[in-house]
There are 2 protein chains.
Amino acid sequence: MKRNKLWRLRTEEYSKAAFETLSEEGLSGTTVEKVAKRAGVSKTNVLHYFGNKARLLEMALRYGNADLAREVSALLIRSNTPWERVYSVIEANFSRQFFTPKIAHAWLSLLAEIPYNPSYQRIQTAIHQRMRSNLMHALEQLAERERAEEVALAISVMIDGLWLRCGLHEGGIGRDTALQQMELLMESLFPNSPERLAAKARIDEIQSILNPG
Amino acid sequence: MKRNKLWRLRTEEYSKAAFETLSEEGLSGTTVEKVAKRAGVSKTNVLHYFGNKARLLEMALRYGNADLAREVSALLIRSNTPWERVYSVIEANFSRQFFTPKIAHAWLSLLAEIPYNPSYQRIQTAIHQRMRSNLMHALEQLAERERAEEVALAISVMIDGLWLRCGLHEGGIGRDTALQQMELLMESLFPNSPERLAAKARIDEIQSILNPG
DNA sequence: CTTTTTATAGACCAGTGAGTCTATACAATC
DNA sequence: GATTGTATAGACTCACTGGTCTATAAAAAG
């Protein structure tokens with residue numbers, strides 16, 4: 001169907017525009033009009049595809065997550081050991097392309113709306129759920145179940161916290177500080193583990209190959 | 001000055017109303033009108049005291065933080081050792097009264113605006129700065145400076161992350177899970193430290209006396 | 001080649017929200 | 001007691017925003 005193709009193309013285009021607008025103008029500054037302007041089309045057209053603003057932002061949330069999800073997958077399929085899978089999740093979350101104040105701004109703007117919009121809530125729950133699941137599959141092979149749960153939560157909470165700080169003020173936390181913090185956490189949780197460090201090194205390398213600069 | 005007294009009273013009242021509105025309606029749902037209604041006065045009156053909405057929300061941010069700051073102080077002045085000071089910061093941040101989804105919602109809503117409003121940014125920077133300072137004074141006596149810096153950051157980032165999760169969805173993270181996570185972090189960072197555990201126990205006790213329930 | 005569907009835009013509408021203007025009650029000051 | 005300043009509210013304005021209605025061009029279908 002040609003219709004469906006164009007549909008997908010446009011929704012992706014406009015979701016992206018919405019995400020970018022969000023990151024530059026904040027939630028209160030994001031209007032359908034501005035998103036349309038950024039995409040170079042009329043407001044009517046954007047509404048034609050999404051029906052209403054809420055759904056547009058919903059798709060923006062999905063859009064923002066899709067990139068990250070791809071990055072995680074790309075590392076995950078190249079992982080051979082549990083430790084490598086853990087570091088795939090970590091590294092992907094602080095990839096140079098994604099872990100930027102701009103993107104963190106947009107993410108923050110959407111997060112703030114989550115409590116008031118069940119639809120966003122479902123999406124975010126799914127996102128967290130997937131991260132937890134990715135971590136658990138790996139960690140269960142490295143620790144007892146209960147500890148694995150705790151640790152998985154600690155890792156993902158720390159990731160969220162670092163993203164939050166990244167979005168908060170420009171000069172705040174960058175990739176290096178973030179990774180250093182994650183390493184402080186990991187080294188404290190699992191001290192003296194050559195396997196862990198080897199995995200970290202390998203994933204780091206893979207990531208810098210996949211995504212140079 | 002009687003004038004100043006009333007002024008203080010009203011600004012406090014309205015800041016509180018704004019904070020509460022924020023927590024129930026989110027940022028997009030918070031209008032000057034609604035805040036006024038909640039305070040039982042006219043919109044004009046609220047505007048009379050704050051001039052504009054931005055300054056109202058700015059005061060709401062300060063208001064929300066003031067409570068927390070008092071809680072930290074109350075524990076801090078009763079602390080005798082560095083470890084107790086560290087746990088004062090931690091416990092205060094997860095006090096039963098403050099660490100609630102409602103308050104976390106309001107806090108999230110304001111955070112999302114920080115990147116777009118220099119004034120909020122300054123306030124938030126000051127808040128983070130004070131937390132860092134509180135932690136550093138204590139941690140410097142427990143580790144070398146560089147490690148103290150790292151650890152202080154780790155603790156405050158984890159606190160932020162847990163607040164974020166608390167605000168995200170109702171059934172998410174509660175005080176118990178949060179404190180358990182903090183303890184996982186602390187135990188990993190400083191294993192086998194009876195002094196630390198004693199301090200934790202003492203602050204926990206003081207806190208439950210000051211703030212029963 | 002006509003008919004129907006899809007894509008796109010322009011004009012418009014209704015609602016809302018921030019902020020102002022005007023007015024009144026009230027307190028303080030002289 | 002007159003005057004000045006403060007607190008408060010009601011009516012109003014102006015800008016803007018989400019969303020709809022109408023129209024047209026383009027494409028698909030027949």
Side-chain angles (χ1 to χ4, degrees), chain A residues 1-22 24-61 109-110 112-113 116-120, chain B residues 1-61 106 109-110 112-113 116-120:
Chain A
M1 285 279 198
K2 216 169 201 173
R3 172 205 172 182
N4 257 330
K5 226 181 209 168
L6 185 54
W7 188 275
R8 248 167 248 257
L9 188 67
R10 288 284 180 269
T11 46
E12 177 118 351
E13 255 178 81
Y14 300 166
S15 299
K16 180 180 174 183
F19 193 81
E20 290 169 356
T21 306
L22 231 20
E24 286 179 10
E25 314 256 12
L27 186 67
S28 2
T30 297
T31 72
V32 180
E33 181 85 49
K34 276 188 198 157
V35 174
K37 202 160 212 172
R38 172 176 284 264
V41 298
S42 75
K43 173 177 83 158
T44 320
N45 197 338
V46 174
L47 252 14
H48 172 63
Y49 283 98
F50 295 90
N52 57 42
K53 187 187 182 181
R55 221 167 328 166
L56 170 62
L57 295 190
E58 187 184 318
M59 294 303 278
L61 180 54
S109 301
L110 289 168
E113 278 303 291
Y116 313 100
N117 183 324
S119 189
Y120 299 0
Chain B
M1 287 277 197
K2 217 169 201 173
R3 172 206 172 183
N4 257 333
K5 227 179 208 172
L6 186 55
W7 189 274
R8 248 168 248 258
L9 189 67
R10 289 285 178 269
T11 46
E12 178 118 351
E13 255 179 80
Y14 300 166
S15 299
K16 180 180 173 181
F19 193 81
E20 290 170 357
T21 307
L22 231 21
S23 93
E24 286 180 8
E25 314 255 12
L27 186 68
S28 2
T30 297
T31 72
V32 179
E33 181 85 49
K34 276 188 198 157
V35 173
K37 201 161 213 172
R38 172 176 284 264
V41 297
S42 74
K43 173 177 85 159
T44 318
N45 197 305
V46 174
L47 251 13
H48 172 63
Y49 284 98
F50 295 90
N52 57 42
K53 188 186 181 181
R55 221 167 329 168
L56 170 63
L57 295 191
E58 187 183 317
M59 295 303 278
L61 179 53
S109 301
L110 288 168
E113 278 302 291
Y116 313 100
N117 183 325
S119 190
Y120 300 1

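Quick note on labels: first sequence line is chain A, next is B, and so on, each numbered from 1.
Each end of the helix from C/dC1-D/dG30 to C/dC30-D/dG1 gets its own axis from five base pairs, and the two axes differ in direction by 0°, given to 10 degrees.
Under 4.0 angstrom from either OP1 or OP2 of D/dT6 there lies no side-chain N or O belonging to B/Tyr49. One finds a side-chain N or O of A/His48 lying less than 4.0 angstrom from the OP1 or OP2 phosphate oxygen of C/dA7. Phosphate contact (OP1/OP2 of C/dT6, side-chain N/O of A/Arg10, threshold under 4.0 Å): absent.
Residues passing the side chain to side chain donor-acceptor pair (under 3.5 Å) test with B/Thr31: none are found, sequence neighbours excluded. Qualifying side chain to side chain contact (heavy atoms under 4.5 Å, CB included) partners for B/Glu12, counting only residues two or more places apart in sequence or in other chains: B/Tyr63. Not a single salt bridge (Lys or Arg N to Asp or Glu O under 4.0 Å) links B/Lys43 to another residue, sequence neighbours left out. Annotation: side chain to side chain donor-acceptor pair (under 3.5 Å) contacts of B/Tyr14 (sequence neighbours excluded): B/Asn45. Under the side chain to side chain donor-acceptor pair (under 3.5 Å) criterion, A/Ser119 pairs with A/Glu58, sequence neighbours left out. With sequence neighbours excluded, the residues satisfying side chain to side chain contact (heavy atoms under 4.5 Å, CB included) with B/Thr44 are B/Ser42. Judged as a side chain to side chain donor-acceptor pair (under 3.5 Å), and not counting sequence neighbours, the contacts of A/Glu20 are A/Arg38.
Within 6.0 Å of atom NZ in B/Lys16, 12 or fewer heavy atoms from other residues, nucleotides or ligands are found, so the atom counts as exposed in its surroundings.
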Find every protein N or O atom lying less than 3.5 Å from an N or O atom of nucleotides 19-25 of chain C, and list the pairs.
{"unit_1": "C/dG19", "atom_1": "OP2", "unit_2": "B/Lys53", "atom_2": "N", "d": "2.7"}
{"unit_1": "C/dG19", "atom_1": "N7", "unit_2": "B/Lys43", "atom_2": "NZ", "d": "3.1"}
{"unit_1": "C/dG19", "atom_1": "O6", "unit_2": "B/Lys43", "atom_2": "NZ", "d": "2.6"}

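C/dA7 atom P lies 11 Å from atom CG of A/Leu9, rounded to whole Å. Counting to the nearest Å, the C1' atom of C/dA18 and the NZ atom of B/Lys34 are 14 Å from each other. The distance between atom CH2 of B/Trp7 and atom P of D/dA7, rounded to the nearest whole Å, is 7 Å. Distance, B/Leu6 CG to D/dG5 C1': 13 Å, rounded to whole Å. Note: CG (A/Asn45) to P (D/dG19) measures 15 Å, nearest angstrom. Between B/Lys37 atom NZ and D/dG10 atom P there is a gap of 11 Å when expressed in whole angstrom units. Here C/dA7 presents its C1' atom at 18 Å from CZ of A/Arg8, a figure rounded to the nearest Å. Rounded to whole Å, the distance from CD on A/Glu13 to P on C/dA7 is 13 Å.
Among the heavy atoms of the strands lying under 4.0 Å from A/Thr30 are primed sugar atoms or P, OP1, OP2 only; no base atom is included.
Salt bridge present: A/Glu13 and A/Arg10 bring a charged side-chain N and a carboxylate O closer than 4.0 Å.
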